[in-house]
Q: 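Mind having a look at this structure? Questions to follow.
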Amino acid sequence: MSKNEMMAMLLAGGQGSRLGILTKKIAKPAVAFGGMYRIIDFPLSNCVNSGVYNVGVLTQYQPLRLNQHIGIGIPWDLDRKSGGVTILSPHVKGGDENGEWFMGTANAIYQNIEYIDANDPEYVLILSGDHIYKMDYSKMLDFHKANNCAATIAVLEVPFEEASRFGIMNTEADDKIYEFEEKPANPKSNLASMGIYIFTWSKLREALISDSKIHANSDFGMHIIPRLLEQNEIMYAYRFKDYWKDVGTIESYWQANMELIKHVPSFNLYEDFWKIYTNTEHQPPQYVGEGGVIKTSIASCGCEIYGEVYNSVLGPQVIVEKGAVVKDSIIMQNTVIKEGTYIDRCIVDENCVIGKNVKMGVGENIVNELKPKIYNTGITVVGEDTLIPDNVEIGKNCVIFGKTTAEDYPNGVLQSGKSAIQEGVE
């Protein structure tokens with residue numbers, strides 16, 4: 001692949017509302033994953049490992065943490081005079097005083113046509129910033145060129161009983177696409193779109209401009225792909241058969257982290273030939289004190305373990321004090337678990353302090369009364385910068401956010417399905 005043959009446009013502006021309190025202050029692609037990483041590290045690393053060194057990152061919702069993390073792209077070797085990484089936010093255009101938000105996946109690309117034209121690529125790779133996987137995009141490009149495609153869409157075979165949850169590609173025997181169905185009630189195929197596309201830029205550019213005159217909220221699945229099919233453009237499905245996870249819910253996010261700590265992990269972070277890069281400061285090594293226990297877990301740099309940790313993922317500089325027990329949980333960076341505390345099947349965000357002798361994640365599995373569609377699988381979630389006082393008991397499917405006090409826990413208990421959220425915080 002020549003230097004400027006293909007560039008990538010990485011859609012990283014989504015709120016990720018199904019992750020609840022975890023995306024209160026940050027975009028979903030900036031959420032921590034696997035201890036020391038953030039979700040966006042995976043598509044960015046895939047790009048550089050595939051030889052794609054020209055990447056535009058489209059941000060929108062709560063972009064500050066994401067922008068700080070990416071910076072000028074040094075960890076991914078994307079700090080280049082020619083190409084490299086560029087942060088692309090909604091902006092004011094000539095004659096428009098207020099600017100314009102990205103109104104759909106394709107609309108976001110349409111609003112950045114000038115940027116793409118300035119790079120003059122032959123092909124454009126469209127990616128989502130919120131999936132966990134490893135993929136060689138150069139092989140997908142070879143497939144695209146071999147079939148002389150206008151568009152190539154990466155697909156994953158899913159169980160037929162789940163196919164109605166996805167955009168489904170119906171194909172001929174050679175995987176040429178003849179029909180696209182968005183979440184069909186009676187799917188004809190189980191080839192689900194992964195939201196990864198390679199387009200021949202001249203074809204996509206024409207389609208974006210034409211569709212913009214009809215749909216203000218232009219979307220690839222709803223508008224651009226059907227338009228290209230109507231025009232009888234050549235489109236192929238590219239089958240991907242490795243690990244891929246959309247960590248779009250509390251349960252799927254928790255499961256994906258837990259899969260990293262299996263004896264034979266479903267997703268391997270330790271392969272030298274396909275490294276996952278991240279922006280991380282130099283930190284001291286982890287320390288396990290006398291009496292400290294850590295089993296079947298990931299503990300990132302700077303962690304101090306004086307208590308017990310089982311089947312869990314710990315971000316950088318997490319402290320687990322003496323007598324504390326952490327089981328089946330995700331604890332993000334700079335969080336302190338005080339002595340005597342017991343945590344089971346919980347997600348604790350960054351910069352939290354969990355007080356002494358707290359019991360969290362215990363009791364019945366009652367869905368959350370405020371957000372039953374988000375918190376319903378028994379996982380209790382603590383938002384970033386939260387303080388939990390000493391000697392309280394917290395049930396399952398609870399949500400805690402802010403500097404809470406003993407008054408937020410009636411009789412020292414937050415029952416399963418209840419929330420303790422600082423006033424003014426939704």
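Heavy-atom basis, side chains included; hydrogens, waters and symmetry copies ignored. FYI, the numbering just counts along the sequence from 1.
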Q: Does S312 reach the main-chain N or O of I330 with its side chain, forming a donor-acceptor pair under 3.5 Å?
A: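 Answer holds: no.
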
Q: Could you tell me whether the side chain of N365 and the main chain of G378 form a donor-acceptor pair under 3.5 Å?
A: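 Indeed, once roles are kept as given, a pair shorter than 3.5 Å links the two residues.
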
Q: May I ask you to check whether Y137 and Y123 place their ring centres under 6.0 Å from each other?
A: no

Q: Please answer whether the main-chain N or O of E157 pairs with a side-chain N or O of N190 as donor and acceptor at a distance below 3.5 Å.
A: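 Between the backbone of E157 and the side chain of N190 there is no qualifying donor-acceptor contact (under 3.5 Å).
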
Q: Please examine the side chains of V313 and I261, heavy atoms only from C-beta on, and report whether any two atoms are closer than 4.5 Å.
A: yes

Q: Determine, stepwise, if the pair V381 / I250 fulfils side chain to side chain contact (heavy atoms under 4.5 Å, CB included).
A: CA-CA 9 Å; V381 183; I250 291 293; 4.0 Å; yes

Q: In sequence, state the C-alpha distance, the side-chain angles, and the governing distance for M360 and T341, and then conclude on side chain to side chain contact (heavy atoms under 4.5 Å, CB included).
A: CA-CA 8 Å; M360 190 159 69; T341 283; 5.9 Å; no

Q: Between I113 and I209, is there a side-chain heavy-atom distance shorter than 4.5 Å?
A: yes

Q: Testing I331, I21, I379 for side-chain contact (heavy atoms from CB on, under 4.5 Å) with I347, which one passes?
A: I379

Q: What is the distance from atom CD of Q317 to atom CG of N351, rounded to the nearest 0.5 Å?
A: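 Here the rounded value is 10.0 Å.
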
Q: Which heavy-atom pair separates R38 from A30 by the least distance, and what is that distance?
A: NH1-O, 2.7 Å

Q: Is I116 close to L204 at the side-chain level, that is, under 4.5 Å between some pair of heavy atoms?
A: no

Q: For the pair N257 (side chain) and G34 (backbone), establish whether a donor and an acceptor sit closer than 3.5 Å, ignoring hydrogens and angles.
A: yes

Q: I'd like to know if the side chain of Q286 reaches the main chain of A299, judged simply by a donor and an acceptor atom lying under 3.5 Å from each other, with no hydrogens or angles considered.
A: yes

Q: I need the minimum non-hydrogen distance between P226 and G221, along with the two atoms involved.
A: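 Smallest heavy-atom distance, with atoms named: CD-O, 3.4 Å.
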
Q: Considering the options I343, I400, D344, V399, which one meets the side-chain contact (heavy atoms from CB on, under 4.5 Å) requirement together with T380?
A: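 Single pass found, and it is I400.
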
Q: So how far is it from E206 CD to Q231 CD, rounded to the nearest 0.5 Å?
A: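 Reported value, rounded in 0.5 Å steps: 6.0 Å.
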
Q: With the side chain counted from C-beta on, respond yes when N368 and S419 share a heavy-atom pair under 4.5 Å apart, and no when they do not.
A: yes

Q: Check whether any side-chain heavy atom of F42 lies under 4.5 Å from a side-chain heavy atom of K245, and answer yes or no.
A: no

Q: Are more than 12 heavy atoms, taken from residues, nucleotides or ligands other than E161, located less than 6.0 Å from that residue's CD atom?
A: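 Above 12, so yes.
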
Q: Output yes when a side-chain donor or acceptor of S416 lies under 3.5 Å from a complementary backbone atom of G395, and no otherwise.
A: no

Q: Measure the spacing between CG of D41 and CD1 of I276 and express it to the nearest 0.5 Å.
A: 8.0 Å

Q: Can you confirm whether N186 is buried at CG, in the sense that more than 12 heavy atoms of other residues, nucleotides or ligands lie under 6.0 Å from that atom?
A: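 Atom CG in N186 is not packed in, count stays at 12 or less.
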
Q: Using the rule given for side chain to side chain contact (heavy atoms under 4.5 Å, CB included), can you reason through M140 versus D136, listing the C-alpha separation, both sets of side-chain angles and the distance that settles it, and then say yes or no?
A: CA-CA 7 Å; M140 185 174 170; D136 188 344; over 6 Å; no

Q: Would the number of heavy atoms belonging to other residues, nucleotides or ligands and lying under 6.0 Å from NZ of K327 be above 12?
A: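 Not more than 12 within 6.0 Å, no.
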
Q: Check whether S300 reaches the backbone of L314 with its side chain - one donor and one acceptor, N or O, closer than 3.5 Å.
A: yes

Q: So that I can tick it off, tell me whether E251 and R345 are bridged by a salt bridge, with the cut-off set at under 4.0 angstrom between side-chain N and carboxylate O.
A: yes

Q: Without hydrogens or angle criteria, can the side chains of D117 and W201 be said to hold a donor-acceptor pair below 3.5 Å?
A: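 Present: a donor and an acceptor within the cut-off.
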
Q: With side chains defined as the heavy atoms from C-beta onward, is the minimum distance between D242 and W244 less than 4.5 Å?
A: no

Q: Can you classify the ring geometry of F199 versus F220 as parallel (below 30°), tilted (30 to 60°) or perpendicular (above 60°)?
A: parallel

Q: Mind checking the CD1-OG1 spacing from I153 to T171? Nearest 0.5 Å is all I need.
A: 11.0 Å

Q: Hey, is the main chain of G195 close enough, under 3.5 Å, to the side chain of S193 for a donor-acceptor pair?
A: yes

Q: Atom CZ in F401, atom NZ in K25: separation rounded to 0.5 Å?
A: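 Spacing of CZ (F401) from NZ (K25) equals 4.5 Å.
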
Q: State, to 0.1 Å, how close L88 and G56 come at their nearest heavy-atom pair, and which atoms those are.
A: CD1-CA, 3.9 Å

Q: Looking only at heavy atoms, which two atoms of V124 and I126 are closest? And how far apart?
A: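 Reported closest heavy-atom pair: CG1-CD1, 3.6 Å.
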
Q: Please tell me if the side chains of E179 and K188 come closer than 4.5 Å, counting only heavy atoms from C-beta onward.
A: yes

Q: So T386 and D349, side-chain hydrogen bond (donor to acceptor under 3.5 Å, both in side chains) or not? Walk me through it.
A: CA-CA 8 Å; T386 290; D349 209 336; over 6 Å; no

Q: Go through E364 and K396 one step at a time and tell me if the salt bridge (Lys or Arg N to Asp or Glu O under 4.0 Å) criterion holds.
A: CA-CA 7 Å; E364 296 182 73; K396 298 180 185 294; over 6 Å; no

Q: Could you check whether any side-chain N or O of W274 sits under 3.5 Å from a backbone N or O of S45, counting only pairs where one atom can act as donor and the other as acceptor?
A: no

Q: Apply salt bridge (Lys or Arg N to Asp or Glu O under 4.0 Å) to K145 and E5, showing your working.
A: CA-CA 11 Å; K145 291 157 68 175; E5 187 176 19; 2.7 Å; yes

Q: At their closest point, which heavy atom of F267 faces which heavy atom of I132, and how far apart are they?
A: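 Shortest heavy-atom contact: CE2-CG2, 3.9 Å.
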
Q: Would you call the rings of F143 and Y236 parallel, tilted or perpendicular, where under 30° means parallel and over 60° means perpendicular?
A: perpendicular

Q: If I compare all heavy atoms of C303 with all of G315, which pair ends up nearest, and what's the gap?
A: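 Shortest heavy-atom separation between C303 and G315 comes out as SG-O, 3.0 Å.
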
Q: Would you say the side-chain atoms of D246 and S252 include a donor-acceptor pair closer than 3.5 Å?
A: no

Q: Ignoring hydrogens and geometry, is there a side-chain-to-backbone donor-acceptor pair from K403 to D385 under 3.5 Å?
A: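 Answer holds: yes.
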
Q: Is any side-chain heavy atom of C47 less than 4.5 Å from a side-chain heavy atom of L127?
A: yes

Q: If you measure from CG on N170 to CD on E181, what distance do you get to the nearest 0.5 Å?
A: 5.0 Å

Q: Taking the six-membered ring of Y243 (Phe, Tyr or Trp), confirm whether the NZ or CZ of K134 is under 6.0 Å from its centre and within 45° of its axis.
A: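 The answer is no; the distance or angle limit is not met.
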
Q: Would V362 and E393 count as a side chain to side chain contact (heavy atoms under 4.5 Å, CB included) if you check the C-alpha gap in whole Å, the side-chain angles of each, and the deciding distance to 0.1 Å?
A: CA-CA 8 Å; V362 297; E393 182 175 305; 3.6 Å; yes

